[in-house]
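Keep in mind it's a predicted model, so treat the numbers as computed, not measured. In each ligand, atom 1 is the first atom listed, and ligand 1 is the first ligand listed.
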Amino acid sequence: MPTIKINDVALSVTPGTLVLDACRRVGIDIPHYCYHPALTPVATCRMCLVEIKGQPKLATSCTTTVPLAPKDHPEAVVMEVFTNTPAVADARAGVMEFLLINHPLDCPICDQAGECKLQDYSYLYGSGDSRMAEVKRRYRYEDLGAKIVIDKNRCIHCTRCVRFTREISGGGELIVAQRGAHLEVTTYIGKSLDQNPFAGNVVDLCPVGALTNRDFRFRKRVWYLKSVPSISRHSALGSPIWIDHEGNEIHRFRPRPLEGKETTHFISDEERNAYSSYNRTGRAPAAMLKGAGASSESIREALQAAGSLAVIGQGTFGCDAAQRLGELASSADLRYGSGGKTFAVVLPKYQTSADGILNRRGFMDRGFRFGALEELLGKVQKGEVKAVVLLHDAAFTSAKENELLGQILKVAAFSLAMEVEPSDLGRMATAWLPITNLAEESDFIVNHDGDLRRYQKALQPPKGVRTVPAWVKELSAVPVHA
Ligand code: SF4
Ligand code: FES
């Protein structure tokens, strides 16, 4: 592998590596706006300039690649890069001054404040002065449909959003119109981002707060939010996300890109908007037995007295929940998997599976058999299985499966449903227990690509609501199969 030197530090890198990425590997963060690892580089912002020995002008590190080494000397130093020279500092200050020429000083009301690259780089690399004496160019806010609002005054024309709609989501709704000082990002006449199921990503991509999400706009200053690593249940792959929350309330979901995993840079609007479903409103539901409020002890006694027990676990829950639930079954062959939701595949490169049961693998690894509920119905009808414990979320069950589960619960001598909120199916069960939702627990899944993804607790569950492992521990306080 060829060697390059960055500020005199030698590093072996694969030929073709971007200088910007090579710098990152030695801990040097090169400021950039237009560069994004999932988009074609265009080198328009000029913020990533570096000095390369032997080259007369500064070079954009987001488009300059490490060359091949000579065949007779494969480990030769092929490039010497400097990121800390006066020429580089001058260039950065100059670029910042240009970018800020028309940018308003509206940070106190801008949603991006606190996570704005223009703020950060201005502080780190800007000159602190502006020679702009002319009146700034002004635009009014513009709706790009019902989901996204653009403030063109803030735009620095990095074109990340435009490239996203062309290269990733494919609709090409956004364009760069006009020329020179009148350059503006807009939609084609009559087009909006409403039909784009991945539209929310343009807001994450925008480094300066020109594109804002109507749902989050003016709702929260970001420095009040705490970010907890989690996953999305509303995709087949359990997309890694950040849960941004404050005061036991979630305010937004954002993608949480994983190093080297390009598919983790973006999430769909369905995943993004699902955050509100994890905020509880009203009183938390309480444990029930035969339609009336009950203590967990009475449910435990009833379950233990019922006889041979089968468990049905929906593969949208975590592996720890699956493990503990499986331990309740009277025998290993009485663990059944459920869940029938599928997702429409709009972007095959990013949605490599349509199976909405994101932890199917994790459940199968723990002995849960999917597609065998009719077998269980037969066993319940014959009286071979007396009790059934169902771990369930109605949003991920198909109509056919719902009917089958209903029949099982009807015939079983005793049934217990564990859900976040009682569903019609849950109400049919003899007993019901309230469980934590994804944001209220820590666990992990193994997705369809075989990737293990952990998620952490962000919210405090209400009193009386417990995780599946905690309920199973309670239900097994005295051996179930005594
Ligand atoms: S709106 Fe944002 S992402 Fe789009 S070009 Fe302007 S600054 Fe870049
Ligand atoms: S990041 Fe290299 S020119 Fe914009």
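For atom 2 (Fe) of ligand 2, the set of nearby N, O or S atoms under 2.8 Å includes one belonging to Cys48. Taking backbone and side-chain atoms together, Cys206 has an N/O/S atom less than 2.8 Å away from atom 2 (Fe) of ligand 1. The nearest N, O or S atom of Cys62 is not closer to atom 4 (Fe) of ligand 2 than 2.8 Å. Inclusion of Cys45 in the first shell of atom 4 (Fe) of ligand 2 is supported: an N, O or S atom falls under 2.8 Å.
When each of Glu246, Glu249, His245 is tested with Lys220 by the rule side chain to side chain donor-acceptor pair (under 3.5 Å), just one qualifies, namely Glu246.
Aromatic rings from Tyr33 and Tyr121 are positioned such that their centres are separated by under 6.0 Å. His234 and Phe396 have their aromatic ring centers within a separation under 6.0 angstrom. Between Phe444 and Tyr455, the ring centre distance reaches or exceeds 6.0 Å.
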Take Arg272 and Asp215, measure what salt bridge (charged side-chain N to carboxylate O under 4.0 Å, His left out) needs, and give me the verdict at the end. CA-CA 10 Å; Arg272 191 178 298 272; Asp215 182 55; over 6 Å; no
Run Lys117 and Gln112 through side chain to side chain contact (heavy atoms under 4.5 Å, CB included) and show every step you take. CA-CA 9 Å; Lys117 289 289 180 206; Gln112 193 82 3; over 6 Å; no
Quick one, Leu144 with Glu142, criterion side chain to side chain contact (heavy atoms under 4.5 Å, CB included). Give me CA distance, side-chain angles, the key distance, then yes/no. CA-CA 6 Å; Leu144 300 180; Glu142 218 176 86; 4.3 Å; yes
Is there a side chain to side chain contact (heavy atoms under 4.5 Å, CB included) between Phe82 and Val88? Walk through the geometry before answering. CA-CA 8 Å; Phe82 299 94; Val88 171; 5.8 Å; no
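Of all the atoms in ligand 2, the ones that sit under 4.0 Å from a non-hydrogen atom of His32 are 1 (S). Set against the non-hydrogen atoms of Arg46, the atoms of ligand 2 under 4.0 Å away are 3 (S), 4 (Fe). If you number the atoms of ligand 2 from 1 as listed, the ones under 4.0 Å from a heavy atom of Tyr35 come out as 1 (S). Close contacts between ligand 1 and Val208 involve ligand atoms 7 (S) [criterion: under 4.0 Å to a heavy atom]. When each atom of ligand 1 is checked for a heavy atom of Val185 under 4.0 Å away, the hits are 5 (S).
In terms of protein heavy atoms, atom 8 (Fe) of ligand 1 is closest to Cys158 SG, 2.3 Å. For atom 4 (Fe) of ligand 1, the closest heavy atom belonging to the protein is Cys161 SG, 2.2 Å. In terms of protein heavy-atom proximity, atom 5 (S) of ligand 1 is closest to Thr159 N, 3.2 Å. The protein atom (non-hydrogen) at minimum distance from atom 6 (Fe) of ligand 1 is Cys155 SG, 2.3 Å.
The aromatic rings of Tyr278 and Phe253 lie tilted to each other, with the angle between the two planes from 30° to 60°.
Under the 6.0 Å distance and 45° angle rule, Arg217 counts as a cation-pi partner of Tyr141.
Nearest-residue assignment for atom 7 (S) of ligand 1 (options Ile148, Ile156, Leu144; heavy-atom criterion): Ile156.
Proximity of His157 to ligand 1, defined as any heavy-atom pair under 4.0 Å, is confined to the backbone N, CA, C and O atoms.
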